[in-house]
Each structure stands twice: as structure tokens, then as C-alpha cells.
Amino acid sequence: MASSTTLFNFKLPPLFNSLHHPRVNRSKAPFSSRIIISSVNNHLAPTRVTYPLLTSHSVHNRRRFHVQAQQKEYSAGNNSESVVSDATNKEEFSWSSVILPFVFPALGGLLFGYDIGATSGAAISLQSPELSGISWFNLSAIQLGLVVSGSLYGALLGSLLAFAIADYIGRKRQLIGAAVLYLLGSAITASAPELGVLLAGRLLYGLGIGLAMHGAPLYIAETCPSQIRGTLVSLKELFIVLGILLGYFVGSFQISSVGGWRFMYGFSAPLAMLMGLGMWTLPSSPRWLLLKAVQGKGSFQDLKEKAIVSLSKLRGRPPGDRESERQIEETVVSLKSAYEDQESGENFLEVFQGPNLKAFVIGGGLVLFQQITGQPSVLYYAGPILQSAGFSAASDAAKVSVVIGLFKLAMTWIAVLKVDDLGRRPLLIGGVSGIAISLVLLSAYYKFLGGLPIVAVAALLLYVGCYQISFGPISWLMVSEIFPLRTRGRGISMAVLTNFAANAVVTFAFSPLKEYLGAENLFLLFAAISLLSLLFIVFSVPETKGLSLEEIESKFLK
């Protein structure tokens with residue numbers, strides 16, 4: 001049955017704001033019940049309108065409220081339920097006010113990607129008798145594996161560290177800490193006089209990755225306007241790809257220099273310093289400040305005032321302006337109402353209970369499938385596949401990597417442009433379907449189409465492209481917005497831990513699986529896992545496009 005959408009655009013007199021609506025008892029009603037809009041469809045219940053945190057409607061001292069009643073269909077399992085969306089206010093904002101609160105956290109993702117790209121060249125430079133510039137260049141397979149994967153183990157530890165301290169220190173200080181670890185790890189690795197020091201530097205850098213990959217999506221999602229949240233969190237994935245590409249470029253320029261690996265690893269130090277200084281100038285997340293306030297972890301009034309100042313700064317308004325104060329007041333009422341029926345205590349198992357468990361299944365499931373559908377293994381075969389197709393660039397691993405990186409960048413940009421237009425589910429379903437097809441083609445190439453290298457090249461590019469419009473950016477976007485505010489920090493920590501742990505398992509299981517099954521059967525196994533992930537998305541992952549973080553929690557996690 002078709003549903004209709006009604007748009008109300010009305011203005012209130014200057015002395016009459018939403019907090020004093022005549023139909024609302026301000027002392028009793030939460031802000032989510034301010035105004036009742038009747039749906040045009042007779043079968044729908046009245047839709048309640050919310051005014052989520054971080055929305056602005058003040059233009060020359062006039063307040064406009066754009067109320068949009070929407071009906072969304074969401075299919076879960078074998079049951080379909082009609083979900084009536086809360087009205088979503090379109091915030092009036094300037095892009096200049098959201099650039100810096102996005103760019104500095106996103107540098108944490110760029111530095112993660114840079115490590116991936118730089119390590120591909122550094123691993124070659126380190127083992128060269130002529131170009132390494134060291135006497136301990138003759139690394140064993142295990143030693144080289146520790147150098148390459150050292151940051152991955154550090155990221156695992158960083159994820160555990162984030163779980164323990166992130167909600168206590170806040171998103172801003174967590175990202176500053178990540179920048180400091182990036183800087184120390186980069187400097188120690190670049191100047192390492194021996195293997196042990198090099199590995200210590202790699203571990204420190206990885207700790208920074210773990211904190212940054214947890215804190216960056218949190219900070220961006222909690223401080224940006226809801227209607228561009230998908231675009232900005234997806235742009236963070238674009239920054240990761242840009243980092244990979246930057247690492248490939250630096251590696252290709254330094255691969256022939258004596259001691260070039262030192263420059264490859266050291267190049268990230270000034271970027272880390274820029275990230276740290278930038279985060280120092282940004283305010284704390286208003287949502288995190290209010291969460292601490294309602295939890296009684298500090299002076300309620302002081303935290304509320306800090307949240308008002310923070311929101312004003314994030315939106316480029318005068319400190320403590322009335323519009324920011326109104327929004328913060330309404331959000332406080334909402335948070336208090338949400339916490340009335342919840343236990344005040346917190347524990348480790350809370351992430352795996354009730355609505356939090358449902359959120360973890362969705363977010364954790366996406367980042368798990370992101371890895372076990374074979375991304376590391378497919379990219380491992382990129383060089384040989386392109387070489388078999390006769391690409392001249394395939395004779396040089398660094399140049400081949402640049403080609404793949406450029407393609408990944410282009411496809412990620414498409415996802416960024418479309419995620420807030422098409423939505424999360426269509427991109428996930430379409431992209432993962434393409435991943436499954438590409439893996440079947442790769443299996444066929446290695447099984448009986450070896451004489452048609454163009455099939456392998458097409459399959460490789462199809463895989464990379466479909467991954468970058470689906471699992472790549474959207475998994476982290478969903479993770480950043482699906483968890484309830486109460487457990488968002490710890491939930492994202494567990495999702496990041498799941499991601500890096502799955503990455504480690506796939507990386508180490510690849511060689512024995514390839515030897516035991518053969519490349520053709522291994523890719524066929526990954527294709528089967530991709531089909532399983534497609535079913536998971538269709539039946540378990542909701543559409544969150546255009547909804548505020550509070551609306552997502554109320555609609556999908558009850």
C-alpha cells in the first residue's frame with residue numbers, strides 16, 4: 001500500500017517557541033511529544049515529532065520547524081513491520097562550520113590507511129641488501145610478518161583500551177591520545193636502530209589506530225547534522241583510501257632510496273601532529289557531555305553549560321546562544337526520559353543485553369562480514385592477476401598498488417555522494433551482490449578460464465568497486481549510528497575489536513586455506529560467505545538514512 005508524505009512548514013511568533021507549546025505540559029512531557037501530526041494514511045498512528053540534538057532552526061531570530069511525516073517499511077526475518085518515522089528536522093547549517101569537526105578526526109582514518117600503503121613499500125625496502133641501509137635486513141618470514149602485522153596487533157590492543165577508557169575520557173581526548181600514539185609510533189619506527197625497537201614502534205602506532213578507528217566515527221556522528229551524517233562518516237572511509245593511496249605514492253618515490261623505509265614510516269609524523277593540534281582546538285561532543293550529566297558523572301549544570309557552548313562552537317554561533325540552549329534543554333529532557341526505566345549501574349555485559357545486543361549484532365555483523373568475505377585475500381592476488389593480463393605496470397608492485405588505490409578512491413567517492421541519497425541498505429545489497437559475483441568469476445578464472453585474463457581483471461575491479469560502495473564505508477557508518485547513546489562508546493569498541501580480530505584471522509588463515517583448497521575453491525568459499533552476508537543484510541540491517549541518532553535508537557532497538 002502506498003504511503004504519503006506531508007510537509008508542514010510553519011513559523012511561530014518570536015515569543016512563542018517549542019518549549020512553550022500550549023498542548024504540552026513542560027514539566028512532564030518529553031521533548032519528543034511536543035507536537036502531534038496526524039498521518040494522511042488512515043491506517044497509521046499519529047506520528048510524534050522530535051527535535052534531535054545538534055539541529056538549528058534560527059534565522060534572524062525566527063524559528064522555523066520543518067516537520068516531515070514519513071512511513072518506512074522495514075523487513076526483519078520473516079516478519080515485516082511498518083515503522084512510522086519520527087519527523088526529521090532539516091537543519092540549516094553552513095558547510096564551513098562542519099569542515100574542521102570532520103577533517104581533524106578523519107585524519108585518524110587517513111593515518112590508518114597510510115600505514116597500510118606505506119608498509120607495502122617498506123617491507124620491500126627493509127629486505128633489500130643494497131637499499132635497506134641496515135645490517136639486519138635479512139629478516140625471517142616470521143620477523144617480516146611481525147613488522148607488517150605489528151600495527152594490527154596494536155590496533156587490537158587499542159580497541160580493548162578504547163573499551164575501557166573511551167566513555168570516561170571522551171571522544172576528543174581519545175582522538176588526541178590517538179594522535180600522540182601515531183606520532184610516537186611513527187618517530188620510533190622511522191629511527192629504529194634494531195628490529196626490537198622497530199616492532200615497538202609498530203605496536204605503538206597500532207594502538208593509535210585502535211583509538212582513532214573507535215573515536216573518529218563517534219565524534220563525527222555525534223557532532224554533525226543528521227542529514228549529512230552518512231556523507232561525512234563515509235567520507236572518513238574516503239580518507240582511509242586516500243591514506244592508502246598516499247602511502248603507495250610515498251613508497252613508489254622512496255623505494256629506490258637507501259633507507260627509504262624510514263622516510264615511508266616517518267612521513268606520517270607531521271600528519272599526526274596536525275591531527276593532535278586540530279583536535280585540541282575542537283570542542284567536546286555535546287552528546288557525550290550530556291550523557292555524563294544524566295549519568296551523574298560530574299556537575300549537572302556545569303556539563304550542561306559546556307554542552308551549550310560546545311554546540312554553539314560547532315555551529316558557528318555566538319557562545320551560549322539561545323538556539324543552542326533550547327536544543328540542549330530539550331535533549332536533556334529526552335535523555336532523562338530515556339533513562340527513567342533503565343538501571344543506573346553499568347557493567348561489561350550491558351553491551352550484550354537487550355537493545356544493545358541487537359545493535360551489536362547489526363554493527364558487529366557488518367564489520368565481521370566486511371573481513372571474512374575475503375578482502376585481504378583478493379587484494380593479495382591483485383598483482384598476479386594484473387600481471388597475467390599483460391599490464392605493464394604489473395611488473396612493479398608499487399605502481400600496481402597505485403592503480404588499485406586510484407580505483408578504490410573513485411568508487412568510494414561514488415558511495416559518499418549516494419549514501420544519503422539512495423540510503424544504506426540499497427548500497428549494501430547491491431555492493432555485496434556484486435562482491436559475490438566477482439568472487440565466482442575469480443574462482444572460474446583459476447579453475448577453467450585461465451586463457452581469458454580479462455575475466456580476472458574485470459572480476460578484481462568489480463570486487464574492489466563493489467566493496468568500496470558497500471562494506472568499505474557503510475559498515476563503519478552503521479556502527480557509528482546504530483548503538484544507543486548509553487553504550488555507544490563500548491559498543492563501537494567491541495565492533496572495532498571484532499573487525500581487527502577477523503582481519504587477523506583471515507590474514508593468517510589465507511596461506512593454509514589456499515594450500516589446502518586451492519585458489520579456485522578458496523574464492524568459491526568466499527563467494528558463499530558473501531551470499532550469507534547478503535541474507536544477513538536483507539533480514540537484519542535497517543535503513544537509517546535521514547534519522548537522528550535518537551530516532552534510530554527509538555525505532556530499531558526497542
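What you see is a predicted model; the values in this text were computed from it and never measured.
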Side-chain heavy atoms of His214 within contact of Ser159, under 4.5 Å: no
Salt-bridge present (Glu481, Arg424; N to O < 4.0 Å): yes
Note, Leu207 side chain near Leu204 side chain (heavy atom, < 4.5 Å): yes
Side-chain H-bond candidate by donor/acceptor type, Ser285 with Arg171, under 3.5 Å: no
Heavy atoms from other residues, nucleotides or ligands near NZ of Lys292 exceed 12 (cutoff 6.0 Å): yes
Partner residues of Leu156 under the side-chain contact (heavy atoms from CB on, under 4.5 Å) criterion, sequence neighbours left out: Tyr153, Leu497, Phe500, Ala501
Flag side-chain contact, heavy atom, 4.5 Å: Leu282 against Tyr219: yes
Passing option when Met213 is tested against Ile492, Ile240, Val479, Asn499 for side-chain contact (heavy atoms from CB on, under 4.5 Å): Ile240
Side chain to side chain, Ser493 and Val496, heavy atoms closer than 4.5 Å: no
Shortest non-hydrogen contact between Ser475 and Gln370, atoms and distance: CB-NE2, 3.9 Å
Minimum heavy-atom distance between Ala155 and Ile209, given as atom pair plus value: CB-CG2, 4.0 Å
Inter-residue atom distance Leu290.CG - Glu329.CD, 0.5 Å rounding: 9.5 Å
Exercise: identify the closest heavy-atom pair between Arg425 and Pro542: CD-C, 3.6 Å
Atom of Ala359, atom of Phe483 and distance for their closest heavy-atom approach: CB-CD2, 3.6 Å
Heavy-atom side-chain proximity of Asn356 to Pro484 below 4.5 angstrom: yes
Separation of Cys466 SG from Phe471 CZ (nearest 0.5 Å): 11.5 Å
Approximate separation, where rounding is to 0.5 Å, of Thr544 OG1 and Ile474 CD1: 9.5 Å
Distance-minimising heavy-atom pair for Gly278 and Thr281: O-OG1, 2.6 Å
Minimum heavy-atom distance Ala178-Ala212, with the two atoms named: CB-N, 3.8 Å
Any side-chain heavy-atom pair of Leu175 and Leu211 under 4.5 Å: no
Residues in side-chain contact (heavy atoms from CB on, under 4.5 Å) contact with Ala179, at least two apart in sequence or another chain: Met275
Atom pair CZ/CG of Arg326 and Leu311 - distance to nearest 0.5 Å: 10.0 Å
Centroid-centroid under 6.0 Å between Tyr114 and Tyr182 rings: no
4.5 Å side-chain heavy-atom contact, Phe249 and Leu245: yes
Reference residue Gln174; test side-chain contact (heavy atoms from CB on, under 4.5 Å); the match among Leu161, Ile169, Ile165: Ile169
